[in-house]
Each structure stands twice: as C-alpha cells, then as structure tokens.
Amino acid sequence: MPELPEVETVRRDLERLVVGRTVVQARATGRRSVRRYGDGPAALAAFDADVEGTRFTGTGRLGKYLVLHGTRAEDVLSALIIHLRMSGQLIHARPSDPLVVHTHVRLTLDDGHELRFVDPRTFGEMWTNPAALPDLGHLGPDALELAAEPRRFTELLRSRRTMVKALLMDQGVVAGIGNIYSDEILHRARVRPDRRGVDLSRPAARRIADITGEVLHAAVDLRGSSLSDAQYVDLAGLPGRAAQLHLVYDREHLPCASCGRPVVRIRFGGRSSYFCRHCQR
DNA sequence: AAGCACACCTGCTAGC
DNA sequence: TGCTAGCAGGTGTGCT
C-alpha cells in the first residue's frame, strides 16, 4: 500500500518520536518479517540480538524504503531498514495498548514506548545493515530528488521504450512511485498510461516531471493516502487525508474532474490502471 | 529491452 | 445467510 508520501509521513513521525531513543528490548515473533535472518527459529533471536541496544540517531528514506540510523554501545554504526510492502504498519504504542493480530515485531524503547511492526500479509520486512549506508543500490533516484531536476527526469522518460506507467513504477528508474500516484500523475499530465516513453513529446514528458513533484509534495502535506480499508496509517495509527486529492485512482465510472466523462479502468501489467480516455492522450 | 505470469500472504467484498 | 472468486497500496524471479 504505502508509496513515497506514506513512507515519508512515517519517516517524519519516526524522526520526532523515535530518534534519540535506545532499544532496551527487541522481540520479533513473525519469522517472515525478519526473513533475511533465515527461516528457522534462530532467525528471531538473531534479529533481536542485532537490534537490542541500538540508539537511533536519525532517519532516512529511499523510495519506499525506510532507514533508521543508529549506533550500538561500542560505537558501531548500524541501520535498521524497513519496507512496509502492501500491508505493513509501524505503530508507536504504549506497552499497555492491546496487541492487534499480525503484530510481528516489538521494540521497547527507553522512554517506555514500543515501536510495533504490524503486517497482515507478511510481505513487509525489516533487517539491519552493519554499514551506515544500507544496500539499496538497485534503486534509481528518489522520486522527489529526480522531480527537483526536471530536465534530467524529462530526458530519462524520453529515452525509454517502456510504457510510461511502467516506467514511473519501475523502482530502478525512479524510486517511490506506485500504482496510486502513477495514475494521479499521468492524469494531471494528460498522458495515457500506455504511451511509450520514446513517443512522448518534450512538453508532455516535462509535464510529467513537474507534476510528479507537485503530486507527491501535496500528498505528503496531507500525510499520505488512506483508502477505505485504512490499511495505511501513520505512527500514531491515524489515517492520512491525501485520498481526497485523488482524481482517478479507484474512481472507475465516476466523472473525470476535467471533462465529466467516466473514468475508465484497464488491466495493465496485472494491475488496475485508472484514467480518462478523453483528457489523457 | 520489455512484457508477461506467477509467487509470496491475509482480508475484504461483490456476486451468486 | 453463506459461500467463493476476485481483488488489494509491492517486489522478485523466471520465462518468452
């Protein structure tokens, strides 16, 4: 579920509530959430030992990956890397707060709070990297960073044969955009999702580059998009309000905000894509 | 290169 | 009312 604006909202909450705190106890109970430590029972203890004693010193984000930088007692740098995938949530809770089902990791902090990882579908994961910088080399530039260089973004889009929606969602091309925001960006840029990058006019590619920044910043300002199932919530468990900005996503048959014709949904690479046949060319 | 299909999971809902 | 098929914000692999 979470794309860049949702992950960025969680990062800002972590910066405020978790940075400066030390993990006095780590308790992983969900093996799949810490699967990089192996698939046996020892994986849970290995994760716990890795994280316990870490003092969080800062936060980072690359695309949809969250990074909690930290140091251990012996001044060893480490980074806790978290990907929420489809259904993961990080929740800042009190120990007395009831444990919801699918709580897979609990980190007890030295201020008495807990940082909990909740993930029904168990696609999400967390792991530590001994280096200060996590191994996220397969990712392209972060979408907000690339949007700040619109000429570079424009030429990148026009250099590829791939259909532009797939390009925007390719984390190796630009990191942080998923199914919701790619549809919203392409609608505002008036470009069909199945148009090929090389076939984009320079003005059309430039619109995508400029609008990417606008859409993502606006969504961050409203603390991310929570849909009807409320799977995405912030660190306090509260939904974001950015879904009120959606013009096409999950709006099949509803009128296009520009022309009034119905928004259509097509299957595209195995997932739904929403757009306006009249306004997007 | 690029485009599929599929795998990984649980939960919700639309339709029968 | 109750079952089931289909679908969901993501990513990785492996095959044409």
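A quick note: this is a predicted structure, and the numbers were derived from the prediction, not measured. Lettering of chains follows the sequences in order, A, B, ..., and the numbering in each one begins at 1.
In terms of hydrophobic clustering, with Ile, Leu, Val, Met, Phe, Trp and Tyr side chains grouped at heavy-atom distances under 4.5 Å, A:Val67 and A:Val19 are assigned to different clusters.
No engagement by A:Tyr181 is indicated, since no non-hydrogen atom pair under 4.0 Å with the nucleic acid exists.
Screening residues 163-200 of chain A for ring pair (Phe, Tyr, Trp, His ring centres under 6.0 Å) gives no qualifying pairs among residues at least two apart or on separate chains. Listed by first and then second residue, the side chain to side chain donor-acceptor pair (under 3.5 Å) pairs that reach into residues 15-26 of chain A are A:Asp13-A:Arg16, A:Glu15-A:Thr59, A:Arg21-A:Asp110, sequence neighbours excluded. Residues in residues 91-105 of chain A take part in no side chain to side chain donor-acceptor pair (under 3.5 Å) pair, two or more places apart or across chains. Residues in residues 206-216 of chain A take part in these side chain to side chain donor-acceptor pair (under 3.5 Å) pairs, two or more places apart or across chains: A:Arg206-A:Asp210.
For A:Val248 against A:Phe275, the heavy-atom pair with the smallest separation is CG1-CA, 4.2 Å. In terms of heavy atoms, A:Ala28 sits closest to A:Val34 at CB-CG1, 4.2 Å.
With hydrogens and angles left out, the side-chain atoms of A:Tyr249 and A:Asn179 include no donor and acceptor closer than 3.5 Å. Side chain to side chain, A:Thr122 and A:Arg32 meet the donor-acceptor criterion of an N or O pair below 3.5 Å.
Rounded to whole Å, the distance from CE on A:Met169 to P on C:dA8 is 11 Å. Note: CG (A:Leu84) to C1' (C:dG10) measures 11 Å, nearest angstrom. Atom pair A:Ile180:CD1 and C:dG10:P shows a separation of 7 Å (rounding to whole Å applied). As rounded to whole Å, 16 Å separates atom C1' of C:dG10 from atom CD of A:Gln89. One atom, CD of A:Glu6, and another, C1' of C:dA8, lie 14 Å apart when rounded to the nearest Å. When rounded to the nearest whole Å, the span between CD of A:Glu252 and P of C:dA8 equals 10 Å. Rounded to whole Å, atom P of C:dG10 lies 16 Å from atom CZ of A:Arg35. A:Leu136 places its CG atom 10 Å from the P atom of C:dG12, with the value rounded to the nearest Å.
Partners of A:Glu125 according to the side chain to side chain donor-acceptor pair (under 3.5 Å) rule, which considers only residues two or more places apart in sequence or in another chain, are A:Arg36. Every side chain to side chain donor-acceptor pair (under 3.5 Å) that A:Arg106 has, sequence neighbours left out, goes to A:Glu114. In this structure A:Arg261 satisfies the side chain to side chain donor-acceptor pair (under 3.5 Å) test together with A:His278, sequence neighbours excluded.
Straight-line distance between the C1' atoms of C:dG6 and B:dC6: roughly 16 Å, to the nearest whole Å. For the P atom pair drawn from C:dT1 and B:dG11, the interatomic distance equals 23 Å after rounding to whole Å.
Listed by residue number, the members of residues 238-245 of chain A with any heavy atom below 4.0 angstrom from DNA chain B form an empty set.
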Tabulate protein N/O versus nucleotide N/O from nucleotides 3-6 of chain B, keeping only pairs under 3.5 Å, one per line.
residue	atom	partner	partner atom	Å
B:dG3	OP1	A:Arg196	NH1	2.6
B:dG3	OP1	A:Arg196	NH2	3.3

Reading DNA chain B 5' to 3', how would its secondary structure be written in dot-bracket notation, given Watson-Crick and G-U pairs with both distances under 3.5 Å, brackets [ ] for crossing pairs and | for partners on other strands? .|||||||.|||||||

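Distance from the side chain of A:Arg160 is smallest to B:dA2 among C:dG12, B:dA2, C:dA8. For A:Arg267, the side-chain atoms get nearest to C:dC7 when compared with the rest of C:dG10, C:dG12, C:dC7.
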Which nucleotides of nucleotides 7-14 of chain B have their base under 4.0 Å from a protein heavy atom (B), which only their sugar-phosphate (S), and which neither (-), written as one string 5' to 3'? -BBBS---

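Other members of the cluster containing A:Leu245 are A:Leu222, with ILVMFWY side chains joined at under 4.5 Å, either directly or via other members.
In this structure, the separation between CG on A:Asp119 and CG on A:Leu90 is 10.0 Å, given to the nearest 0.5 Å.
Proximity of A:His83 to the phosphate of C:dT11: a side-chain N or O atom is located under 4.0 Å from OP1 or OP2.
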